[in-house]
Amino acid sequence: MVFKRCFIRGVHYGNVTDCDLASAVVDMVPEVVKFLTVMAICNTVVPIQGANGSISLKAQSQDEEALVSAAAQLKMVLISRTIESVEVRFLGKLLKYQILDVLEFTSDRKKMSVVVREYSSKRLILLIKGADEVIFPLAHNGQEVRQMADAVDCYSNMGLRTLCLGWREVDEAEYIDWSKKFKDARSSVNDREWKIVEVCQLLERDLDVLGVTAIEDKLQDGVPETIVTLRNSGINFWMLTGDKHSTAVQIALSCNLVLPEPEGQLLHVQGYSEDEVALSLERVLRTMRITSTEIKDIAFVIDGWALEIALRHYYELFMELSMLAKTAICCRVTPSQKAQLVELLKNCDYRTLAIGDGGNDVKMIQEAHVGVGISGREGLQAARASDFSFGKFRFLERLILVHGRYSYNRTSFLAQYSIYKSLLICFIQIFFSFVSGISGSSLFNSFSLMVYNVVYTSVPVMVNILDKDLAERTVLQHPQILYYCQAGRLMNPSTFAGWFGRSVFHAAVVFLAINHVYMNEKTELEQLSMVALSGCIWLQAFVVTIETHSFTCFQHIAIWGNLLAFYLLNFVMSMLTWSGMYSVMFHICTQPSYWLSILLIIALGIGPLLGLKYFRFRYRPSAINVLQYWECLQSKSFLNFPLGGPSSRNLDMEGIPFSFSASKSNQDAIYEALLSEETFNNRKESAPCSNDSLSSNTSNAVFSSYPRRKDN
């Protein structure tokens with residue numbers, strides 16, 4: 001936060017280095033002195049003096065810190081503050097004030113006041129600051145505020161945050177009468193907040209509006225680039241802020257949230273009555289429907305007053321508008337309205353992520369599916385209420401594109417693999433029941449079943465957290481790949497059906513291979529059980545191997561070390577007479593039939609999977625396969641892929657083109673990527689989302705109070 005400009009009684013001044021402003025301070029112009037007094041005292045900033053005499057400021061709001069710092073540079077220095085008094089030094093003279101009451105800032109009041117008594121003159125003074133929309137109506141009769149309103153509009157169009165400052169001398173008798181009412185309101189049990197607001201209005205009137213301050217709220221480094229990257233990945237952005245309409249629009253333009261004409265178009269939803277808001281909503285909706293098929297980026301902006309009317313009386317219309325819009329700006333909104341908007345988008349079946357850095361963002365963060373807090377000089381309220389916390393907005397790019405995507409891939413594989421390995425052993429048991437006359441006897445003993453689920457099939461997938469189908473750099477260079485996650489491409493009914501079929505197929509392979517090899521041999525049931533279990537373990541070792549994209553030493557140890565541990569553990573159990581498996585492994589491992597069964601199971605079970613993977617990669621590759629092949633070409637590791645690479649795509653060595661021209665009939669509903677803007681727009685027009693098909697509407701909405709720079 002940096003103090004940039006101010007407007008005092010008809011005069012525009014620059015920042016603290018402005019010569020005219022410095023001259024007005026030295027000449028002790030009364031309006032300027034009052035203006036600086038409000039800046040220095042009307043706040044909750046606590047000055048802390050260091051050992052060398054320097055003063056550091058502790059503030060809950062960066063706006064207040066910027067104002068107090070600017071006042072100090074203009075010779076109005078805040079020296080100390082206690083609960084009862086405050087001291088400032090102006091041009092070397094110490095001024096003391098007694099703090100009588102503090103009328104705190106709230107999102108509903110949009111202003112803050114302090115009642116002080118000057119020790120030297122015994123005057124009672126009301127110091128106030130707040131939004132222009134609440135301060136200007138409180139000006140005393142006869143004061144012209146049009147110039148100040150024009151200054152507010154001018155500063156807002158420059159993207160600066162504005163505050164209006166006011167001053168009023170209070171009569172002693174009036175204050176005594178008001179103070180009694182204020183104490184009664186604060187001690188009230190029922191409707192305490194509303195009573196306090198009503199009493200505050202009795203004193204906050206007939207103000208002498210002094211002027212306007214303008215503060216620049218700088219964006220953090222990398223914010224525009226991060227927003228562009230995430231928008232390219234199909235994520236919708238909503239900016240929810242308490243700033244003025246023009247300030248919010250300028251900030252949205254500066255951070256690439258909204259594109260300027262002719263690439264973008266900004267529609268306005270406004271009005272102060274139900275009829276005005278209804279007409280504005282219908283007009284914007286009509287424009288959205290007409291231009292929904294155009295490439296042009298269209299966004300809408302709505303203020304808190306119109307939003308309150310829309311949510312209360314035109315909920316369905318606003319919900320439809322929310323589903324059509326990719327970008328929205330909601331200005332002058334309260335914390336409760338932020339939470340209501342998140343809830344509305346959740347009702348539209350969107351997956352929401354809310355990111356904020358202040359206490360007024362807590363409700364929004366807690367309401368969203370995923371809450372992200374930016375920790376910094378605004379405090380830790382947002383960070384403590386969030387699911388994830390970091391210091392810079394640009395880290396959101398890696399959180400979603402890298403960590404979020406990897407997490408989705410790994411979770412999808414783990415969930416479906418867990419079902420597959422459980423069904424595999426179940427189907428073998430079902431097949432065995434047919435040849436055992438439905439006797440209810442189990443092919444596997446209880447120890448084998450327990451260790452199968454706890455050790456044999458769990459250890460290999462535990463290191464799946466290290467698997468990466470694409471390098472991080474590739475994912476960040478091609479954010480469109482996130483469409484796979486939004487469409488539920490790796491975990492949906494079709495993929496579940498594939499893993500279900502794989503479990504049935506492998507169970508049949510294990511059962512039939514053992515029956516064929518041991519058909520003419522006399523073998524005990526415990527030995528056949530161990531052969532079947534061995535076949536399952538070998539199959540799953542190869543399944544995990546062919547489903548793993550990047551290998552590390554830990555993965556090799558987990559997969560092949562687990563296979564070795566299987567034999568060691570069962571050899572130990574075969575040495576124990578009371579285990580029920582005595583000498584089983586020693587007998588079967590010395591028989592050629594056992595190893596023939598294992599080779600037959602691996603060949604019949606894994607061969608078709610490898611053939612299917614080769615066919616899909618060679619003739620029907622997805623964009624992920626194309627990027628994998630491109631990485632292979634860059635690293636010269638051709639042995640990892642089928643010779644020749646994907647044949648039905650056009651590979652560009654400088655980058656991968658994602659607007660493929662494959663015919664619609666050749667596109668697979670499961671393995672064809674949604675990597676073009678046209679496809680995404682068509683998906684936006686579909687019904688409310690589900691994760692079951694590619695026609696689902698699974699775009700994310702990111703709700704963001706724009707990030708502030710923490711080092712100002």
Side-chain angles (χ1 to χ4, degrees), residues 30 33-47 59-61 63-64 67-68 76 78-88 94-143 145 163-211 334-336 359-360:
V33 174
K34 291 181 179 179
F35 190 87
L36 295 178
T37 302
V38 178
M39 287 176 58
I41 298 178
C42 187
N43 51 68
T44 57
V45 177
V46 177
Q60 294 181 349
S61 170
D63 301 72
E64 292 186 343
L67 292 177
V68 175
M76 184 70 74
L78 179 63
I79 300 299
S80 67
R81 178 189 295 274
T82 64
I83 298 177
E84 298 179 349
S85 65
V86 59
E87 296 180 357
V88 296
L94 186 64
L95 305 176
K96 295 184 179 181
Y97 297 88
Q98 179 186 2
I99 299 177
L100 300 178
D101 291 293
V102 177
L103 314 184
E104 297 179 352
F105 173 88
T106 65
S107 57
D108 296 322
R109 282 169 34 82
K110 299 182 180 178
K111 58 182 178 291
M112 174 191 176
S113 304
V114 178
V115 182
V116 298
R117 185 190 300 273
E118 193 175 24
Y119 276 103
S120 59
S121 63
K122 303 301 180 180
R123 291 185 303 168
L124 288 175
I125 306 172
L126 172 71
L127 310 178
I128 186 171
K129 67 178 180 181
D132 59 288
E133 61 189 42
V134 297
I135 297 296
F136 289 159
L138 302 178
H140 64 78
N141 293 333
Q143 182 176 11
V145 296
L163 278 176
C164 296
L165 308 186
W167 170 295
R168 180 194 173 209
E169 292 190 16
V170 183
D171 183 70
E172 185 77 28
E174 179 188 359
Y175 173 73
I176 293 174
D177 180 61
W178 176 87
S179 180
K180 294 179 180 178
K181 297 179 181 179
F182 187 61
K183 290 179 180 178
D184 292 339
R186 287 195 301 181
S187 60
S188 176
V189 177
N190 299 324
D191 299 329
R192 177 175 175 271
E193 295 181 358
W194 287 107
K195 290 181 180 180
I196 290 177
V197 171
E198 291 177 354
V199 174
C200 290
Q201 292 175 351
L202 298 177
L203 194 66
E204 296 171 337
R205 58 181 177 83
D206 298 332
L207 300 178
D208 181 14
V209 182
L210 301 173
T334 63
S336 59
N360 56 350

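All values reported here derive from a predicted model rather than from experimental measurement.
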Can you name the nearest heavy-atom pair linking [X] to [Y], along with the distance?
X      : Y      : result
Pro335 : Asn360 : CB-O, 3.4 Å
Val38  : Gly166 : CG2-O, 3.7 Å
Leu210 : Trp167 : CD1-CB, 3.8 Å
Tyr97  : Val88  : CE1-CG2, 4.1 Å
Ser113 : Cys42  : CA-SG, 4.4 Å

Whether [X] side chain and [Y] backbone form a donor-acceptor pair below 3.5 Å:
X      : Y      : value
Arg192 : Arg186 : yes
Arg205 : Leu202 : yes
Asn43  : Met39  : yes

Carboxylate-amine/guanidinium contact Arg81 Glu64, below 4.0 Å: no
Side-chain ion pair, Lys181 and Asp177, N-O less than 4.0 Å: yes
More than 12 heavy atoms from other groups under 6.0 Å of CD1 on Ile83: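 Open: at most 12 neighbouring heavy atoms sit under 6.0 Å from CD1 of Ile83.
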Atom CD of residue position Gln143 - does it have more than 12 heavy atoms of other residues, nucleotides or ligands inside 6.0 Å?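 Enclosed: over 12 neighbouring heavy atoms sit under 6.0 Å from CD of Gln143.
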Pair Leu138-Arg168, side chain to side chain contact (heavy atoms under 4.5 Å, CB included): steps then yes or no: CA-CA 11 Å; Leu138 302 178; Arg168 180 194 173 209; over 6 Å; no
Separation between [atom1] of [X] and [atom2] of [Y], rounded to the nearest 0.5 Å:
X      : Y      : atom1 : atom2 : answer
Glu87  : Thr82  : CD    : OG1   : 8.0 Å
Ile41  : Met76  : CD1   : CE    : 7.0 Å
Gln98  : Lys122 : CD    : NZ    : 8.0 Å
Leu36  : Leu67  : CG    : CG    : 10.5 Å
Leu127 : Thr37  : CG    : OG1   : 7.5 Å
Ser120 : Leu95  : OG    : CG    : 7.0 Å

Can you check side chain to side chain contact (heavy atoms under 4.5 Å, CB included) on Thr44 and Phe105, steps first, answer last? CA-CA 10 Å; Thr44 57; Phe105 173 88; over 6 Å; no
Might you work through the side chain to side chain contact (heavy atoms under 4.5 Å, CB included) test for Glu172 and Ile176, ending with a clear yes or no? CA-CA 6 Å; Glu172 185 77 28; Ile176 293 174; 4.2 Å; yes
Any side-chain heavy atom of Met112 within less than 4.5 Å of one from Val102?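 The answer is yes; the side chains approach within 4.5 Å.
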Only pairs at least two apart or in different chains count here, so list each ring-ring contact (aromatic ring centres under 6.0 Å, His included) that has a residue in residues 179-206. Trp178-Phe182
Which of these, Leu126, Val116, Leu124, sits in a side chain to side chain contact (heavy atoms under 4.5 Å, CB included) with Leu100?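 The residue from Leu126, Val116, Leu124 that satisfies side chain to side chain contact (heavy atoms under 4.5 Å, CB included) with Leu100 turns out to be Leu124.
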Please name all residues satisfying ring-ring contact (aromatic ring centres under 6.0 Å, His included) with Phe136, sequence neighbours left out, ordered by chain then number.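 Partners of Phe136 under the ring-ring contact (aromatic ring centres under 6.0 Å, His included) test: none.
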Tell me which pairs pass salt bridge (charged side-chain N to carboxylate O under 4.0 Å, His left out) where either residue lies in residues 103-115, with sequence neighbours left out.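 Of all non-adjacent pairs touching residues 103-115, those that pass salt bridge (charged side-chain N to carboxylate O under 4.0 Å, His left out) are Arg109-Glu204, Lys110-Glu133, Lys111-Glu204.
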